Asks: 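Got a structure here, written out as structure tokens. Questions coming.
When a ligand or atom number is given, it counts from 1 through the structure's own listing order. Values in this document were obtained by computation on a predicted structure and should not be read as measured data.
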Amino acid sequence: MAEQTGKKKLSLSVQIFLALFLGMIAGVLLHYAIPSSSFKDSFITEGVLYVVGQGFIRLLQMLVVPLVFCSIVCGTIATGDMKTLGKVGVKTLLFYIVTTVVAISIAIRIAQFIDPGVGIQLDSVEVADVVVPEDLSFSNTILNLIPQNPIKALAEGNMMQIILYAVFLGIALAKLKQQIPVVVSFFEQTNEALMELTNLVMLFAPAGVFCLICRTFANIGFGAFLPMLKYMGCVVLALFVQCFIVYPTLLATFAKLNPFRFIRKFFPVMTFAFTTSISAAVVPLNIETLCRRIGVSRKIASFTIPLGATINMDGTAIMQGVAVIFISQVYGVVLSSTDLVTVIFMTTVASIGTAGLPSIGLITLTMILTSVGLPTEGIALIMGIDRILDMLRTAVNVTGDGVCTTIVAKQNNEFDSEIFAQD
Ligand code: ASP
């Protein structure tokens with residue numbers, strides 16, 4: 001009561017948004033207005049901002065594996081039969097794949113129209129070292145979905161293997177529900193506790209978001225942007241089209257929902273993805289937001305969101321599409337239409353099996369470039385300015401997961417329209 005009559009408390013979403021905004025301003029000021037000194041570098045940027053920001057990311061990551069595992073086990077037990085599970089799974093996969101193909105096609109068209117690589121002087125661009133990727137062949141990508149040792153998969157946070165194992169365990173438990181009710185309720189109650197833990201971690205969000213974004217902007221060399229403005233413009237434009245034209249159209253057509261209300265309610269998730277650049281770390285918040293603010297049933301979201309964080313990366317596909325055109329133009333290589341189809345196929349495959357982590361898109365890009373005979377050294381050109389694009393595309397990655405999940409939930413009558421209508 002005392003709280004209501006006193007100062008009105010800002011909601012967590014508003015606090016997070018303010019933290020993002022103020023963090024950007026503080027970061028730019030720190031970069032330009034405060035001269036470099038050991039106090040600024042060691043105590044502020046690499047001290048307080050680094051520790052609080054990374055501490056918050058670690059808290060988010062701490063939630064992911066147990067929450068994903070338990071909620072998928074519980075979701076599968078609740079769904080019960082293989083038929084419903086299969087139906088939801090196939091529909092979700094289809095949406096994830098189609099949105100990725102649409103995303104990359106838009107990116108390629110925009111890049112072909114703007115020609116970001118034409119007229120680029122190689123010596124005007126900051127070049128970084130290229131990371132050599134691990135084996136990303138098609139057959140290994142498929143085989144790596146199956147866990148040889150589920151404990152190892154949990155310990156390493158291998159999302160696809162965890163999902164697969166949790167679904168299998170859930171199916172087994174659904175069959176034995178009557179015989180072993182204690183085991184079933186153990187998972188259900190642990191799941192409740194983990195959701196409460198998520199709420200607890202969210203209390204640190206404003207401080208974490210502020211420090212992460214402030215440090216990023218304090219460290220970014222804006223000078224490196226200039227020669228790359230056309231490339232960056234292409235990526236940003238394609239991300240914008242995907243997020244504010246393609247997704248709203250899909251929501252309005254397939255789920256008959258107001259897309260603006262969706263984006264407004266979903267905004268905190270996008271903010272988290274933007275600040276952390278790790279879609280895998282945003283999984284718990286994404287599930288909570290879809291269930292509590294949008295109206296998706298937990299059964300669906302707890303299964304499709306971890307899946308999406310691993311296999312659905314529309315924003316990453318967009319960067320890769322633009323990067324392929326950019327690098328081909330810089331090196332004067334003409335790509336045939338068969339090459340472009342190969343790029344679309346390889347980009348879609350590349351997003352399967354690699355969990356959303358910072359700059360993972362640059363690593364899988366090597367596999368795409370190789371598939372059409374482009375030099376992988378081209379990646380060095382875009383590495384220097386990738387940080388900011390990584391933030392933007394991660395926000396689009398998680399929005400894609402949220403949109404597909406909402407559509408699948410709505411079409412399977414696993415959606416509460418009253419929750420969606422509430423403010
Ligand atoms: N950072 C992105 C994510 O976590 C992946 C990438 O595009 O590099 O979704």
Asks: Centroid separation under 6.0 Å, is that true for the rings of F262 and Y247?
Replies: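 No, too far apart.
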Asks: What class does the angle between the rings of Y165 and F69 fall in, given that below 30° is parallel, 30 to 60° is tilted and above 60° is perpendicular?
Replies: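 Parallel.
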Asks: Quick check on R264: does its CZ atom have over 12 non-hydrogen neighbours (other residues, nucleotides or ligands) under 6.0 Å away?
Replies: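 Enclosed: over 12 neighbouring heavy atoms sit under 6.0 Å from CZ of R264.
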Asks: So if I count the atoms of ligand 1 from 1 in the order they appear, which ones are less than 4.0 Å from some heavy atom of I278?
Replies: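 Those of ligand 1 that fall under 4.0 Å from I278 are 4 (O).
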Asks: Need the ligand 1 atom indices (1-based, order shown) with element for anything under 4.0 Å from a heavy-atom of D390.
Replies: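 Those atoms are 1 (N), 2 (C), 6 (C), 7 (O), 8 (O).
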Asks: Does CZ in R109 sit with more than 12 non-hydrogen atoms of other residues, nucleotides or ligands closer than 6.0 Å?
Replies: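 Atom CZ in R109 is not crowded, with 12 or fewer foreign heavy atoms closer than 6.0 Å.
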Asks: Under 4.0 Å, heavy-atom basis, I'd like to know which part of S359 is in contact with ligand 1: side chain, backbone, both or neither.
Replies: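 Under 4.0 Å from ligand 1, S359 contributes backbone atoms alone.
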Asks: Taking the six-membered ring for Trp, is the centroid-to-centroid distance between F56 and F272 below 6.0 Å?
Replies: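 That pair passes the under 6.0 Å test.
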Asks: Checking the N or O distance criterion of under 3.5 Å, is ligand 1 in contact with I360?
Replies: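 Yes; at least one N/O pair falls below 3.5 Å.
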Asks: Using distance alone, decide if ligand 1 has a nitrogen or oxygen within less than 3.5 Å of any nitrogen or oxygen in A280.
Replies: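 In fact, backbone or side chain, A280 has no N or O that close.
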Asks: Check N397 against ligand 1 and report side chain, backbone, both or neither, counting heavy atoms closer than 4.0 Å.
Replies: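 It is the side chain that touches ligand 1; the backbone stays farther off.
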